[in-house]
Amino acid sequence: MSSASKDFTYSVDADGVATITWDTIGRSMNVMSSDGFLVLDGMIDAALKDASVKGLIITSGKKDFAGGMDLNVLADMRKGGAQTIFDMIMGTHGILRKIERAGMDPKTLKGGKPIAAALTGTALGIGFEIPLACHRIIAADNPRAKIGLPEIMVGIFPGAGGTTRLVRKMGAMMAAPFLLEGKLSDPKAAKAAGLIDEVVAPEDLQKRAKDWVLAATDADIVKPWDRKDYKMPGGAPYHPAGYMTYVGASAMINGRTQGAFPAARALLSAAYEGALVPFDVALKIEARHFTSILLNPSSSAMIRTLFIGKEALEKGANRPDAPDQSVKTLGVIGAGMMGAGIAYVAANAGISVVLIDADQAAADRGRAHCEGLLDKGMKRGKVTADKKAEVLSRILATTDYAALKPCDLVIEAVFEDPILKAEVTAQVEAAVGADCIFATNTSTLPISDLAKASERADQFIGIHFFSPVDKMNLVEIIRGKATDNRAVAKALDFVRQIRKTPIVVNDARFFYANRCIIPYINEGIRMVAEGVAPALVENAAKLVGMPLGPLQLVDETSIDLGVKIAKATRAAMGDAYPDGAVDKVIFAMADQGRLGKKSKSGFYSYSEDGMRLSLWEGLAPAYPVATRQPDLVDVQHRLLMAQVLEAVRALEEGVLTDIREGDVGAILGWGFAPWSGGPFSWLDIIGADKAIAICDALTAAHGPRFTAPALLRDIAAKGQTFYGRFDVQITAA
Ligand code: NAD
């Protein structure tokens, strides 16, 4: 017997209701393994064969139902190649179809045994695809539970019938957010959307499932798509209404993803082609598309980065050994855009916050910003009035540094001015206890330099948030030269409390994220100066999966900020400064008052109310578009390599110490082409030899900034990959 046989238990009660209880050994969350499927299959067979069994409940022995597939199964499937993947999926379809048909006569649709799924809590991926095959889905009213099919977020799509069943259950239009965006719902929202059938009090769950099973009639257990008169909700694709749905969905996906995400395209194909044929053929089509997606390197890279790597970092993969450093009282200095955002996420996580600004009105504005965010949450039904009051009661807005006394962590988010930051550091250190950790949210100033203003440089660290703080999940933690392990542990424990994803990097100009983003923006601007059509630059970026083209990005972050950074960098680098051509463009824009989105004018033009309209026509006279335009791929290589080579250099120089942080940080921090799994995964996908060939060609055409770093050359010479060389295991955490 395999160990998976213990993941499920089977029992039959005195009333003839069998219960299969899922309880994966050694895990806090149920996950499905290959063996687990076989065990489940055996139990379904037993229940269907046993004449004394009237019906069946599938439930969980844990507080949640299931988190999805064991990722090692996906890795094993991949190793087996296309036929193995296809066969394994068809095997899964067989089991779920057996649940769905439940022993009924295929002609009369009579005589089947009712099967209810009783969801104790979260049900994701295969953990929701199994319930979708059951005849009734009943969930415990557990507002923290998440129900849905998030596969698309990691580069695959629901391949155990989830795609086919949801489209047939709800229609393509209604299913779209759940399939294409991986939208998750709490039980009540899932019921309202039609994903599940009932929500009951947790203590009533098993009884309600049993009552339903005992009362269910033959008609109750036939799925609509197994009836002769089945019509697809919203219309089949060959009817005018349904046709428009698919045209619309196709346009929407391509508009959003620019075709850069293979999984989204395959999902849509599976849904569309599946809708044209009978159910069992649709499952086969789904399996075929799923096979091709699983073999696409994008899916394994996305899973590795966005699931395994991200979770490992969140669980403290790089946390130094130190006692628990959970933050009890946080001080935030500077109640501007960043400081108010930091105060909000901390208070939301149950941490008391002292929010300080230079005058009371500014401090109050910061607190009001938090209130505004809570009000938005209330409008969307996510925040109750009590919760709002509770969160706000944790934020003390003041100008009085003495109020910082109880703080065990203080984060400074005042203007980006080293002299001001030094003053604030001294003022804070005079007010807090000796153990308090001091963090700066600077985006550009070296931490070790700022630490010179500190009496306790070992307790001085960078905690760099991204804007807007409430939405952006990455936090970059920067270790200064003197920063000790306790300070790093403190920062990591704080990031864990506020449920964001940390990366820990060493101190160097622009740390990691900004170091890679700035060359991306600069490469785009440089091309405009060279006469490359601005639309080509922007579209090339989007077609390769970047969320914003470089020109839109600099408009969003503001052109005057670019000017400020350029001036500071030039001052620091002297003659070695490489970006004179870029500066000409942005300095001229700034001189004309075109500061980007905030001034409603930049590389784009904007409407009066700040809506981005189109690329600014005034660019053409200043930077005439050359008659000969580069190939799309050349533009994309320039834009990608500008970022990726910085990531490699950051690794080479020891700024990054873990390539997972490089990949996770890139996607979460600035949206680096998520389909690729991040810069290191992208290099592994194309291979080091090809990467060097691209670098050599770009260097010859555009200069030494594209020179392949020695590390990349060494990896190519040894026939390695980044993930192979740095030995990061692709196993689930
Ligand atoms: P901001 O101008 O919105 O806010 C700065 C706040 O600091 C203002 O409210 C100001 O009144 C206050 N302040 C100034 N001097 C003070 C003092 N002596 N004591 C207390 N408060 C004082 O700026 P921001 O955009 O929130 O940026 C703050 C910091 O965060 C900067 O270091 C910036 O580089 C960094 N940062 C900004 C972003 C971003 O996208 N804006 C992203 C990451 C990091």
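Both ligands and their constituent atoms are indexed starting at 1 by order of listing. The structure presented is a predicted model; accordingly, all values stated were derived computationally and were not measured. We number each residue from 1, following the sequence as shown.
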Distance under 4.0 Å to a non-hydrogen atom of [X]: what atoms of ligand 1 satisfy this?
X: G334; value: 6 (C), 7 (O), 12 (C), 21 (N)
X: K421; value: 31 (C), 32 (O)
X: Y401; value: 19 (N), 20 (C)
X: V424; value: 18 (N)

Is [Y] paired with [X] through a side-chain N to carboxylate O contact shorter than 4.0 Å?
X: R486; Y: D484; value: no
X: D583; Y: R570; value: yes
X: E652; Y: R649; value: no

So which protein heavy atom does [atom] come closest to, and at what separation?
atom: atom 20 (C) of ligand 1; answer: A358 N, 3.4 Å
atom: atom 6 (C) of ligand 1; answer: G336 N, 3.7 Å
atom: atom 14 (C) of ligand 1; answer: F415 CE1, 3.5 Å
atom: atom 40 (O) of ligand 1; answer: S467 CB, 3.3 Å
atom: atom 28 (C) of ligand 1; answer: A413 O, 3.2 Å
atom: atom 30 (O) of ligand 1; answer: N441 ND2, 3.0 Å

Residue-level breakdown please: for [X] versus ligand 1, do any non-hydrogen atoms fall below 4.0 Å on the side chain, on the backbone, on both, or on neither?
X: T444; answer: neither
X: F465; answer: backbone
X: E423; answer: neither
X: L420; answer: side chain

Donor-acceptor pair, side chain of [X] and main chain of [Y], under 3.5 angstrom:
X: K388; Y: E371; answer: no
X: N522; Y: V582; answer: no
X: E416; Y: T444; answer: yes

### Message
Both conditions, 6.0 Å and 45 degrees, for the charged tip of K567 above the ring of F587: are they met here?
### Response
yes
### Query
Got V154 and T305 here, is their nearest side-chain heavy-atom distance under 4.5 Å?
no
### Task
Could you tell me whether the side chain of R705 reaches within less than 4.5 Å of the side chain of P578, counting heavy atoms only?
no
### Query
Hey, looking at atom 11 (O) of ligand 1, which of I565, D357, L450 has the closest heavy atom?
D357
### Task
Going by heavy-atom distance to atom 38 (C) of ligand 1, choose the closest among E476, M337, M338.
M338
Quick check: does [X] get an N/O under 3.5 Å from an N/O on ligand 1?
X: V414; result: yes
X: E416; result: yes
X: S443; result: yes

### Query
Regarding T384 and D386, is there a side-chain donor-to-acceptor distance under 3.5 Å anywhere?
no
### Task
Classify the angle between the aromatic ring planes of F706 and H702 as parallel (below 30°), tilted (30 to 60°) or perpendicular (above 60°).
perpendicular
### Query
Are Y512 and W670 an aromatic pair by the rule of ring centers under 6.0 Å?
yes
### Query
Any protein heavy atom sitting closer than 4.0 Å to atom 2 (O) of ligand 1?
yes
